[in-house]
Peer 1: 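Structure below; questions to follow.
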Amino acid sequence: ELGTLGGYTSNAVDINAAGEIVGYAALPDGALHAFLYNGQQMLDLGTLSDGKVQGNSFASAINNFGQVVGTVDIPYTPSKAFIYEPQGSMRELGGAVRQLTGWDYLAAAWDINDMGEIVGLGYKGGVPHTFLLQPLMSFYSRKHEFEADRYAAKNASADDLVRALVKLYNDNASTLT
């Protein structure tokens with residue numbers, strides 16, 4: 001049993017390779033907050049507010065670096081996608097994204113992988129769309145990876161490339177989870 005945050009219930013929704021579990025749990029006053037369970041205790045991840053009213057928060061996923069994503073529902077306002085960083089605090093995902101891309105808002109974050117890529121639901125022009133957020137480093141890393149692949153395919157033999165990839169895999173497979 002994971003326990004609660006002092007309220008009547010808790011719901012686990014995701015687990016990472018380290019056994020860290022996220023979900024949401026009731027507080028004594030009935031509000032719901034996202035939590036992170038580390039195997040010993042349940043940590044209240046908090047929530048966001050509109051400056052007047054606190055929202056209910058719901059964690060939906062955790063990656064192997066302990067980054068948690070989810071949704072905050074605040075009465076009478078659109079829901080907000082959030083990210084929680086280890087040793088950090090919860091913050092809304094949508095601010096900079098809205099300014100740079102024209103999204104109305106990011107309503108829910110559903111999953112996050114170990115590259116920090118996040119998928120969820122947002123609104124653009126009042127219409128719901130799924131989104132994929134990619135950290136800039138991930139974008140540039142993949143761009144350079146593809147450039148390296150093109151260069152290698154053009155300038156090296158296929159057998160040499162296959163041998164190199166097999167060696168990389170064999171040398172590093174134990175670190176893959």
Side-chain angles (χ1 to χ4, degrees), residues 2 5 10-26 31-39 41-51 53-149 172 175-177:
L2 302 181
L5 294 173
S10 63
N11 293 288
V13 296
D14 197 25
I15 186 170
N16 67 12
E20 296 172 308
I21 298 169
V22 296
Y24 58 94
L32 299 171
H33 277 196
F35 73 78
L36 169 63
Y37 181 77
N38 65 9
Q41 65 180 356
M42 186 178 285
L43 172 66
D44 183 348
L45 299 185
T47 190
L48 301 172
S49 84
D50 65 0
V53 179
Q54 294 279 322
N56 289 317
S57 60
F58 307 89
S60 55
I62 184 170
N63 67 14
N64 290 319
F65 296 104
Q67 296 172 303
V68 178
V69 295
T71 305
V72 173
D73 290 328
I74 300 171
Y76 312 111
T77 65
S79 59
K80 301 175 187 302
F82 77 79
I83 186 166
Y84 176 89
E85 305 273 357
Q87 289 82 40
S89 61
M90 182 181 293
R91 60 189 167 87
E92 183 183 355
L93 278 174
V97 172
R98 282 193 308 271
Q99 293 173 354
L100 297 173
T101 63
W103 285 84
D104 301 336
Y105 60 98
L106 303 182
W110 296 326
D111 204 1
I112 183 169
N113 66 19
D114 290 342
M115 292 176 52
E117 297 170 318
I118 301 168
V119 294
L121 175 72
Y123 285 79
K124 197 170 195 175
V127 178
H129 297 275
T130 55
F131 67 78
L132 166 63
L133 291 180
Q134 294 178 300
L136 286 176
M137 291 311 295
S138 173
F139 170 79
Y140 287 114
S141 174
R142 284 188 173 180
K143 178 179 181 283
H144 295 306
E145 180 182 342
F146 293 144
E147 288 173 357
D149 288 347
N172 297 290
T175 64
L176 300 174
T177 55

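Just so you know, these numbers come straight off a predicted model, no measurement behind them.
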Peer 1: Using modelled atom types and a 3.5 Å cut-off, is there a donor and acceptor pairing between side-chain atoms of N56 and backbone atoms of L32?
Peer 2: yes

Peer 1: Side-chain contact test, heavy atoms from C-beta onward, threshold under 4.5 Å: evaluate it for T130 versus W110 and give yes or no.
Peer 2: yes

Peer 1: Indicate the atoms forming the closest heavy-atom contact of D111 with A61, along with that distance.
Peer 2: OD1-CB, 3.2 Å

Peer 1: To the nearest 0.5 Å, what is the distance between CG on L132 and CG on N113?
Peer 2: 8.5 Å

Peer 1: Measure the shortest side-chain to side-chain distance between D14 and S60 over non-hydrogen atoms and say whether it is less than 4.5 angstrom.
Peer 2: no

Peer 1: Taking all non-hydrogen atoms of both residues into account, name the closest pair between V53 and P75 and its distance.
Peer 2: CG1-CD, 3.7 Å

Peer 1: If you compare all heavy atoms of L5 against all heavy atoms of A34, which two are closest, and at what distance to 0.1 Å?
Peer 2: CD1-O, 4.4 Å

Peer 1: Quick one: does any side-chain atom of D114 pair with a main-chain N or O of N64 as donor and acceptor, under 3.5 Å?
Peer 2: yes

Peer 1: In Å, rounded to the nearest 0.5 Å, how long is the span from CE of M90 to NZ of K80?
Peer 2: 12.5 Å

Peer 1: State, to 0.1 Å, how close A107 and S79 come at their nearest heavy-atom pair, and which atoms those are.
Peer 2: O-OG, 3.0 Å

Peer 1: Could you give the distance from CE (M42) to CD1 (I21), rounded to the nearest 0.5 Å?
Peer 2: 8.5 Å

Peer 1: Yes or no on side chain to side chain contact (heavy atoms under 4.5 Å, CB included) for L133 and L106, after CA distance, side-chain angles and deciding distance?
Peer 2: CA-CA 10 Å; L133 291 180; L106 303 182; 4.0 Å; yes

Peer 1: Can you spot which of Y37, F35, F58 makes a ring-ring contact (aromatic ring centres under 6.0 Å, His included) with Y24?
Peer 2: F58

Peer 1: Should H33 and L45 count as side-chain neighbours, where that means a heavy-atom distance under 4.5 Å?
Peer 2: no

Peer 1: Using the ring-ring contact (aromatic ring centres under 6.0 Å, His included) definition, which of the options W103, F131, Y105 pairs with Y123?
Peer 2: Y105

Peer 1: Please check: side-chain N/O of N38 versus main-chain N/O of E20, any donor-acceptor pairing under 3.5 Å?
Peer 2: no

Peer 1: When rounded to the nearest 0.5 angstrom, what is the spacing between CG in L48 and CD in Q54?
Peer 2: 8.5 Å

